[in-house]
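Chain letters run A, B, ... following the sequence lines, proteins first, then strands; residues in each count from 1.
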Number of protein chains: 2
Amino acid sequence: MGLTKTEIFTEKQNKLATMLKAIAHPARIAIIQHLIKAQACICGDLVEELGLAQATISQHLKELKNAGLIQGTIEGTSVCYCIDPKVWKQYKTALEGFFAMEISNNCC
Amino acid sequence: MGLTKTEIFTEKQNKLATMLKAIAHPARIAIIQHLIKAQACICGDLVEELGLAQATISQHLKELKNAGLIQGTIEGTSVCYCIDPKVWKQYKTALEGFFAMEISNNCC
DNA sequence: AAAATACATCGTAATATTGCGATATAAATG
DNA sequence: CATTTATATCGCAATATTACGATGTATTTT
(Lines give C-alpha, C1' and ligand atoms only; values in the text may rest on other atoms or scores of the structure.)
Protein backbone atom coordinates (compact mmCIF):
# COMPACT_ATOMS: atom_id res chain seq x y z
CA MET A 1 0.00 0.00 0.00
CA GLY A 2 0.90 3.66 0.13
CA LEU A 3 0.66 3.63 -3.63
CA THR A 4 -2.02 5.67 -5.37
CA LYS A 5 -4.27 3.44 -7.48
CA THR A 6 -4.05 5.37 -10.71
CA GLU A 7 -5.56 2.49 -12.71
CA ILE A 8 -9.02 3.08 -11.34
CA PHE A 9 -9.22 6.75 -12.28
CA THR A 10 -9.58 8.45 -15.62
CA GLU A 11 -6.58 9.84 -17.44
CA LYS A 12 -7.94 13.32 -16.93
CA GLN A 13 -8.30 12.85 -13.20
CA ASN A 14 -4.78 11.51 -12.86
CA LYS A 15 -3.35 14.28 -14.98
CA LEU A 16 -5.13 17.00 -13.06
CA ALA A 17 -3.96 15.51 -9.78
CA THR A 18 -0.36 15.42 -11.02
CA MET A 19 -0.59 19.03 -12.14
CA LEU A 20 -1.96 20.14 -8.82
CA LYS A 21 0.65 18.18 -6.92
CA ALA A 22 3.42 19.97 -8.80
CA ILE A 23 2.36 23.33 -7.40
CA ALA A 24 0.98 22.11 -4.06
CA HIS A 25 4.02 23.17 -2.07
CA PRO A 26 4.75 26.63 -0.66
CA ALA A 27 8.35 26.55 -1.87
CA ARG A 28 7.31 25.76 -5.41
CA ILE A 29 4.61 28.42 -5.28
CA ALA A 30 7.20 30.91 -4.06
CA ILE A 31 9.59 29.86 -6.83
CA ILE A 32 6.91 30.31 -9.47
CA GLN A 33 5.89 33.69 -8.10
CA HIS A 34 9.48 34.85 -8.05
CA LEU A 35 10.15 33.61 -11.57
CA ILE A 36 7.11 35.50 -12.78
CA LYS A 37 7.91 38.68 -10.88
CA ALA A 38 11.58 38.67 -11.84
CA GLN A 39 10.45 38.15 -15.44
CA ALA A 40 14.02 37.98 -16.60
CA CYS A 41 14.91 34.48 -15.56
CA ILE A 42 16.90 34.04 -12.39
CA CYS A 43 18.32 30.95 -10.72
CA GLY A 44 20.67 30.89 -7.71
CA ASP A 45 18.89 33.95 -6.40
CA LEU A 46 16.11 31.62 -5.37
CA VAL A 47 18.37 30.08 -2.76
CA GLU A 48 18.81 33.49 -1.19
CA GLU A 49 15.23 34.64 -1.74
CA LEU A 50 13.69 31.63 -0.05
CA GLY A 51 15.56 30.39 2.97
CA LEU A 52 16.15 26.86 1.74
CA ALA A 53 19.38 24.99 1.06
CA GLN A 54 20.75 24.89 -2.46
CA ALA A 55 20.08 21.16 -2.76
CA THR A 56 16.48 21.66 -1.73
CA ILE A 57 15.83 24.44 -4.21
CA SER A 58 17.46 22.39 -6.94
CA GLN A 59 15.12 19.51 -6.14
CA HIS A 60 12.04 21.72 -6.30
CA LEU A 61 13.22 23.17 -9.59
CA LYS A 62 13.58 19.66 -10.92
CA GLU A 63 10.00 18.84 -9.99
CA LEU A 64 8.71 21.97 -11.65
CA LYS A 65 10.79 21.08 -14.69
CA ASN A 66 9.33 17.55 -14.72
CA ALA A 67 5.89 19.12 -14.61
CA GLY A 68 6.91 21.13 -17.65
CA LEU A 69 6.15 24.38 -15.87
CA ILE A 70 9.66 25.80 -16.08
CA GLN A 71 12.61 25.72 -18.44
CA GLY A 72 16.28 25.97 -17.60
CA THR A 73 18.91 27.37 -19.93
CA ILE A 74 22.60 27.08 -19.20
CA GLU A 75 24.26 30.47 -19.13
CA GLY A 76 27.91 30.21 -18.27
CA THR A 77 28.25 28.62 -14.88
CA SER A 78 24.69 29.37 -13.91
CA VAL A 79 21.31 28.17 -15.14
CA CYS A 80 18.56 30.56 -16.06
CA TYR A 81 15.08 29.39 -15.21
CA CYS A 82 11.80 30.72 -16.43
CA ILE A 83 8.14 29.80 -16.69
CA ASP A 84 6.98 28.08 -19.85
CA PRO A 85 4.10 30.32 -20.90
CA LYS A 86 2.45 27.58 -22.95
CA VAL A 87 2.32 25.08 -20.09
CA TRP A 88 1.29 27.82 -17.70
CA LYS A 89 -1.72 28.51 -19.90
CA GLN A 90 -2.50 24.80 -20.05
CA TYR A 91 -2.58 24.68 -16.27
CA LYS A 92 -4.78 27.72 -16.16
CA THR A 93 -7.22 26.24 -18.66
CA ALA A 94 -7.32 22.85 -16.94
CA LEU A 95 -8.06 24.38 -13.56
CA GLU A 96 -10.61 26.76 -14.98
CA GLY A 97 -12.32 23.76 -16.49
CA PHE A 98 -12.40 21.98 -13.19
CA PHE A 99 -13.75 24.93 -11.26
CA ALA A 100 -16.21 25.89 -13.95
CA MET A 101 -18.63 23.24 -12.71
CA GLU A 102 -21.67 24.77 -11.16
CA ILE A 103 -22.47 23.88 -7.57
CA SER A 104 -26.11 23.62 -6.60
CA ASN A 105 -27.11 25.22 -3.34
CA ASN A 106 -29.79 22.69 -2.43
CA CYS A 107 -27.51 20.59 -0.29
CA CYS A 108 -28.38 17.94 2.28
CA MET B 1 13.79 16.84 8.01
CA GLY B 2 10.91 15.80 5.86
CA LEU B 3 8.96 18.63 7.40
CA THR B 4 7.86 21.51 5.21
CA LYS B 5 9.32 24.78 6.49
CA THR B 6 6.11 26.77 6.63
CA GLU B 7 7.75 29.50 8.73
CA ILE B 8 9.74 30.84 5.83
CA PHE B 9 6.80 31.33 3.49
CA THR B 10 3.97 33.83 3.51
CA GLU B 11 0.58 32.96 4.92
CA LYS B 12 -0.86 33.20 1.44
CA GLN B 13 1.66 30.81 -0.02
CA ASN B 14 1.09 28.25 2.71
CA LYS B 15 -2.66 28.56 2.41
CA LEU B 16 -2.63 28.17 -1.35
CA ALA B 17 -0.36 25.12 -1.05
CA THR B 18 -2.71 23.55 1.48
CA MET B 19 -5.69 24.20 -0.75
CA LEU B 20 -3.97 22.65 -3.73
CA LYS B 21 -2.86 19.66 -1.70
CA ALA B 22 -6.45 18.96 -0.67
CA ILE B 23 -7.47 18.38 -4.28
CA ALA B 24 -4.17 17.03 -5.58
CA HIS B 25 -5.26 13.41 -5.56
CA PRO B 26 -7.24 11.57 -8.24
CA ALA B 27 -9.57 9.98 -5.69
CA ARG B 28 -10.46 13.34 -4.17
CA ILE B 29 -10.92 14.84 -7.61
CA ALA B 30 -13.22 11.95 -8.50
CA ILE B 31 -15.15 12.41 -5.26
CA ILE B 32 -15.60 16.12 -5.91
CA GLN B 33 -16.71 15.53 -9.48
CA HIS B 34 -19.21 12.91 -8.38
CA LEU B 35 -20.57 15.12 -5.60
CA ILE B 36 -21.09 17.90 -8.10
CA LYS B 37 -22.64 15.70 -10.76
CA ALA B 38 -24.90 13.89 -8.32
CA GLN B 39 -25.94 17.30 -7.02
CA ALA B 40 -28.19 15.67 -4.47
CA CYS B 41 -25.62 14.62 -1.90
CA ILE B 42 -24.58 11.00 -1.84
CA CYS B 43 -22.19 9.12 0.44
CA GLY B 44 -21.60 5.35 0.46
CA ASP B 45 -22.20 5.35 -3.27
CA LEU B 46 -18.70 6.73 -3.57
CA VAL B 47 -17.30 3.42 -2.36
CA GLU B 48 -19.03 1.70 -5.25
CA GLU B 49 -18.41 4.46 -7.76
CA LEU B 50 -14.68 4.56 -7.20
CA GLY B 51 -13.08 1.18 -6.58
CA LEU B 52 -11.59 2.01 -3.21
CA ALA B 53 -12.22 0.44 0.18
CA GLN B 54 -14.70 2.06 2.53
CA ALA B 55 -11.97 3.05 4.96
CA THR B 56 -10.03 4.73 2.19
CA ILE B 57 -13.01 6.71 0.92
CA SER B 58 -13.83 7.76 4.45
CA GLN B 59 -10.31 9.05 4.90
CA HIS B 60 -10.42 11.08 1.70
CA LEU B 61 -13.78 12.51 2.72
CA LYS B 62 -12.24 13.52 6.02
CA GLU B 63 -9.47 15.38 4.25
CA LEU B 64 -11.91 17.19 2.00
CA LYS B 65 -13.93 18.04 5.08
CA ASN B 66 -10.83 19.37 6.83
CA ALA B 67 -10.20 21.51 3.80
CA GLY B 68 -13.73 22.85 4.20
CA LEU B 69 -14.63 21.80 0.68
CA ILE B 70 -17.40 19.42 1.68
CA GLN B 71 -20.03 19.13 4.38
CA GLY B 72 -21.52 15.99 5.86
CA THR B 73 -25.01 15.76 7.29
CA ILE B 74 -26.16 12.72 9.22
CA GLU B 75 -29.25 11.20 7.68
CA GLY B 76 -30.32 8.11 9.53
CA THR B 77 -27.52 5.60 9.45
CA SER B 78 -25.84 7.26 6.52
CA VAL B 79 -24.11 10.58 5.99
CA CYS B 80 -24.94 12.86 3.14
CA TYR B 81 -22.01 14.76 1.69
CA CYS B 82 -22.01 17.78 -0.54
CA ILE B 83 -19.75 20.54 -1.77
CA ASP B 84 -19.74 23.77 0.19
CA PRO B 85 -20.47 26.31 -2.54
CA LYS B 86 -18.91 29.15 -0.57
CA VAL B 87 -15.57 27.41 -0.08
CA TRP B 88 -15.67 26.14 -3.64
CA LYS B 89 -15.90 29.71 -4.83
CA GLN B 90 -13.06 30.72 -2.53
CA TYR B 91 -10.88 28.06 -4.10
CA LYS B 92 -11.84 29.20 -7.54
CA THR B 93 -11.02 32.80 -6.73
CA ALA B 94 -7.71 31.96 -5.08
CA LEU B 95 -6.55 29.89 -8.04
CA GLU B 96 -7.74 32.45 -10.55
CA GLY B 97 -5.68 35.00 -8.66
CA PHE B 98 -2.62 32.82 -8.83
CA PHE B 99 -2.94 32.09 -12.52
CA ALA B 100 -3.90 35.63 -13.38
CA MET B 101 -0.24 36.66 -13.31
CA GLU B 102 1.01 37.49 -16.76
CA ILE B 103 3.96 35.54 -18.10
CA SER B 104 6.43 37.37 -20.29
CA ASN B 105 7.60 35.58 -23.39
CA ASN B 106 11.12 37.00 -23.38
CA CYS B 107 12.63 34.06 -21.59
CA CYS B 108 16.25 33.01 -21.22
C1' DA C 1 45.96 23.64 -15.51
C1' DA C 2 44.37 24.96 -10.78
C1' DA C 3 40.83 27.42 -8.34
C1' DA C 4 36.46 29.29 -8.10
C1' DT C 5 31.56 29.43 -9.15
C1' DA C 6 27.03 27.53 -9.88
C1' DC C 7 24.23 23.65 -10.08
C1' DA C 8 22.92 18.83 -10.03
C1' DT C 9 22.82 14.51 -7.91
C1' DC C 10 23.48 11.04 -4.19
C1' DG C 11 22.53 9.30 0.13
C1' DT C 12 20.12 9.60 4.17
C1' DA C 13 16.90 10.93 7.96
C1' DA C 14 12.47 12.56 9.23
C1' DT C 15 7.92 12.97 8.22
C1' DA C 16 3.63 12.50 5.32
C1' DT C 17 0.49 10.05 2.38
C1' DT C 18 -2.08 6.20 0.67
C1' DG C 19 -4.61 2.14 1.28
C1' DC C 20 -6.93 -1.35 3.77
C1' DG C 21 -8.40 -4.88 7.26
C1' DA C 22 -10.25 -4.87 11.68
C1' DT C 23 -12.85 -2.80 14.91
C1' DA C 24 -15.72 0.87 17.02
C1' DT C 25 -19.84 3.76 16.89
C1' DA C 26 -24.41 5.29 16.01
C1' DA C 27 -28.93 5.04 14.08
C1' DA C 28 -32.72 2.14 12.15
C1' DT C 29 -35.12 -2.13 12.16
C1' DG C 30 -37.03 -6.38 13.60
C1' DC D 1 -32.80 -5.19 23.12
C1' DA D 2 -30.40 -7.84 19.40
C1' DT D 3 -29.37 -7.18 14.60
C1' DT D 4 -28.51 -4.81 10.63
C1' DT D 5 -26.70 -0.87 8.07
C1' DA D 6 -23.61 2.89 7.28
C1' DT D 7 -19.79 5.27 8.48
C1' DA D 8 -15.67 6.53 11.31
C1' DT D 9 -11.47 5.42 13.44
C1' DC D 10 -7.33 2.56 14.65
C1' DG D 11 -3.26 0.35 13.48
C1' DC D 12 -0.25 -1.05 10.29
C1' DA D 13 2.57 -1.59 5.92
C1' DA D 14 4.21 0.39 1.75
C1' DT D 15 5.52 4.23 -0.57
C1' DA D 16 6.27 9.30 -1.29
C1' DT D 17 7.85 13.80 0.05
C1' DT D 18 10.80 17.14 2.15
C1' DA D 19 15.17 18.76 3.51
C1' DC D 20 20.05 18.93 3.57
C1' DG D 21 25.11 17.73 3.82
C1' DA D 22 28.41 15.85 0.91
C1' DT D 23 30.02 15.16 -3.39
C1' DG D 24 30.12 15.29 -8.50
C1' DT D 25 30.19 18.10 -12.83
C1' DA D 26 30.71 21.75 -15.99
C1' DT D 27 32.07 26.37 -17.03
C1' DT D 28 34.66 30.44 -16.10
C1' DT D 29 38.46 32.80 -14.14
C1' DT D 30 43.11 33.26 -12.71
Review point. Between residues 11-32 of chain A and DNA chain C, which residues have a heavy-atom gap below 4.0 Å?
Key: none

Practice item. Whole angstrom is fine here: how far is it from CD in Gln54(B) over to P in dA24(C)? Key: 15 Å

Review point. In whole angstroms, how far is the P atom of dT18(D) from the CZ atom of Phe9(B)?
Key: 10 Å

Review point. Roughly how many Å is it from CG in Leu50(A) to C1' in dT18(D), rounded to a whole number?
Key: 14 Å

Mind listing the N/O atom pairs, protein and nucleotides 2-6 of chain D, below 3.5 Å?
from	atom 1	to	atom 2	distance (Å)
dA6(D)	O4'	Thr77(B)	O	3.3
dA6(D)	O4'	Thr77(B)	OG1	3.2

Revision key, fill the gap. When rounded to whole Å, the CG to C1' distance for the pair Asp45(A) and dA6(C) reads 11 Å

Check your understanding: Can you name the residues that form a side chain to side chain contact (heavy atoms under 4.5 Å, CB included) with Thr10(A), not counting sequence neighbours?
Key -> Lys12(A), Gln13(A)

Check your understanding: Contacts to DNA chain C from residues 56-66 of chain B, heavy-atom cutoff under 4.0 Å, which residues?
Key -> Thr56(B), Gln59(B), His60(B), Glu63(B)

Review point. More than 12 heavy atoms of other residues, nucleotides or ligands under 6.0 Å from CD1 of Ile74(A): is that the case?
Key: no

Review point. Would the number of heavy atoms belonging to other residues, nucleotides or ligands and lying under 6.0 Å from CD of Glu11(B) be above 12?
Key: no

Would you be so kind as to tabulate the donor-acceptor pairs closer than 3.5 Å made by side chains of residues 48-59 of chain A, with sequence neighbours excluded?
none

For residues 84-101 of chain A, please give each side-chain donor-acceptor pair under 3.5 Å, one per line with the distance, not counting sequence neighbours.
from	atom 1	to	atom 2	distance (Å)
Asp84(A)	OD1	Lys86(A)	N	2.9
Asp84(A)	OD1	Val87(A)	N	3.4
Thr93(A)	OG1	Lys89(A)	O	2.8

Exercise for review: May I have the distance from Ile8(B) (atom CD1) to dC20(D) (atom C1'), rounded to whole angstrom?
Suggested key: 12 Å

Practice item. Mind checking Ala55(A) for me? I need base, sugar-phosphate or nothing, with any heavy atom below 4.0 Å counting as a touch. Key: base

Practice item. To the nearest Å, give me how far apart NZ (Lys5(A)) and C1' (dA13(D)) are. Key: 15 Å

Check your understanding: So His60(A) and His25(A), would you call those rings parallel, tilted or perpendicular, with 30° and 60° as cut-offs?
Key -> tilted

Exercise for review: State whether Tyr81(A) places a side-chain N or O below 4.0 Å from either non-bridging phosphate oxygen (OP1 or OP2) of dA6(C).
Suggested key: no

